[in-house]
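As structure tokens, the structure follows; a few thoughts come after it.
Values in this document were obtained by computation on a predicted structure and should not be read as measured data.
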Amino acid sequence: MRKLLFITITLFLCFNSFSQIGKANDVTKYTKVGKLTNPYKYVELQYAEINNQKEYKLSFKNLEYEAITDIATIYFMASDEELEYLYETFVEMTKLPKNEEKTLTLGEGVLLMTSQGYKQFYLYYKEDGKPTKYTWLSAKQVKKLFGK
């Protein structure tokens with residue numbers, strides 16, 4: 001009797017797990033705006049048209065870790081004017097003296113930018129409940145990232 005019960009439960013669990021397979025939802029197609037890659041750094045800005053609005057995806061390798069690849073991805077909706085404001089803010093950060101800071105709300109978190117002089121700045125991203133991730137950008141890299 002126990003054997004029959006065990007076989008019945010096993011068959012039920014096996015058939016139940018197969019029923020969870022189904023067609024995946026359509027994947028959003030993103031178009032590249034700009035991309036930076038080299039052996040230790042990766043930053044990319046992409047967009048997708050969703051309901052007549054542009055959703056942007058800013059991804060970068062977290063430079064906190066050398067041995068592992070930890071990619072930060074920030075999704076945000078923006079008009080052309082708002083994206084231009086973000087670009088101008090990044091450009092401004094490359095022109096400021098060392099240790100000047102600026103903060104912006106972006107997506108579900110906060111961008112903290114700290115100028116480093118030498119036409120570059122650190123970019124930190126923090127979401128509630130997640131570790132802070134960072135990269136740095138130079139003036140030339142900002143232009144390339146925004147496709148200018």
Taking atom CG of Leu106 and atom CE of Met77, what is their separation to the nearest 0.5 Å? 12.5 Å
What are the two closest non-hydrogen atoms of Leu123 and Met113, and how far apart are they? CD1-CG, 3.6 Å
Can Tyr85 be reached from Tyr87 by stepping across I, L, V, M, F, W or Y side chains whose heavy atoms are under 4.5 Å apart? yes
Matching residue for Leu86 among Val91, Leu58, Leu111 - test: side-chain contact (heavy atoms from CB on, under 4.5 Å): Leu111
Greater than 12 external heavy atoms within 6.0 Å of Lys41's NZ: yes
Which atom of Trp136 lies closest to which atom of Leu63, heavy atoms considered: CD1-CD1, 3.5 Å
Give a yes or no on whether Leu104 and Leu45 share a hydrophobic cluster (residues Ile, Leu, Val, Met, Phe, Trp, Tyr; joining criterion: side-chain heavy atoms under 4.5 Å apart). yes
What closest approach, in Å, do Ile68 and Lys61 show between heavy atoms, and which atom pair accounts for it? O-CE, 3.9 Å
Could you tell me if the side chain of Tyr125 sits less than 4.5 Å from the side chain of Thr132, heavy atoms only? no
Any side-chain heavy atom of Leu137 sitting closer than 4.5 Å to one from Phe60? no
In short, side chain to side chain donor-acceptor pair (under 3.5 Å) pairs touching residues 88-109 with sequence neighbours left out are Glu92-Lys102
When you compare the side chain of Thr135 with that of Tyr122, does any pair of heavy atoms fall below 4.5 Å? no
Flag yes if more than 12 heavy atoms outside Lys54 fall under 6.0 Å of its NZ atom; otherwise flag no. yes
Quick check against the 3.5 Å criterion: does Lys140 have a side-chain atom that pairs as donor or acceptor with the backbone of Lys144? no
State, yes or no, whether a side-chain contact exists between Phe76 and Glu55 at a heavy-atom distance under 4.5 Å. no
Do the non-hydrogen side-chain atoms of Leu83 and Tyr56 ever get within less than 4.5 Å of each other? yes
Do Ile71 and Thr69 have side-chain heavy atoms sitting under 4.5 Å apart? yes
Ring centre gap for Phe90 and Phe121 strictly below 6.0 Å: yes
Can you name the residues that form a salt bridge (charged side-chain N to carboxylate O under 4.0 Å, His left out) with Glu84, not counting sequence neighbours? Lys148
Applying side chain to side chain donor-acceptor pair (under 3.5 Å) as the test, list every pair that has at least one member in residues 42-52; sequence neighbours left out. Tyr42-Glu44, Glu44-Gln46, Gln46-Lys57
Can a salt bridge be assigned to the pair Lys133 and Asp70 using a cut-off of 4.0 Å between side-chain N and carboxylate O? yes
Could you tell me if the side chain of Lys35 sits less than 4.5 Å from the side chain of Val43, heavy atoms only? no
Group every Ile, Leu, Val, Met, Phe, Trp and Tyr by side-chain heavy-atom contacts under 4.5 Å, then state whether Met93 and Phe146 land in the same group. yes
pair Ser138-Lys119: side-chain heavy atoms closer than 4.5 Å: no
Do you reckon Val142 sits in the same ILVMFWY cluster as Tyr118, going by side-chain contacts under 4.5 Å, direct or chained? no
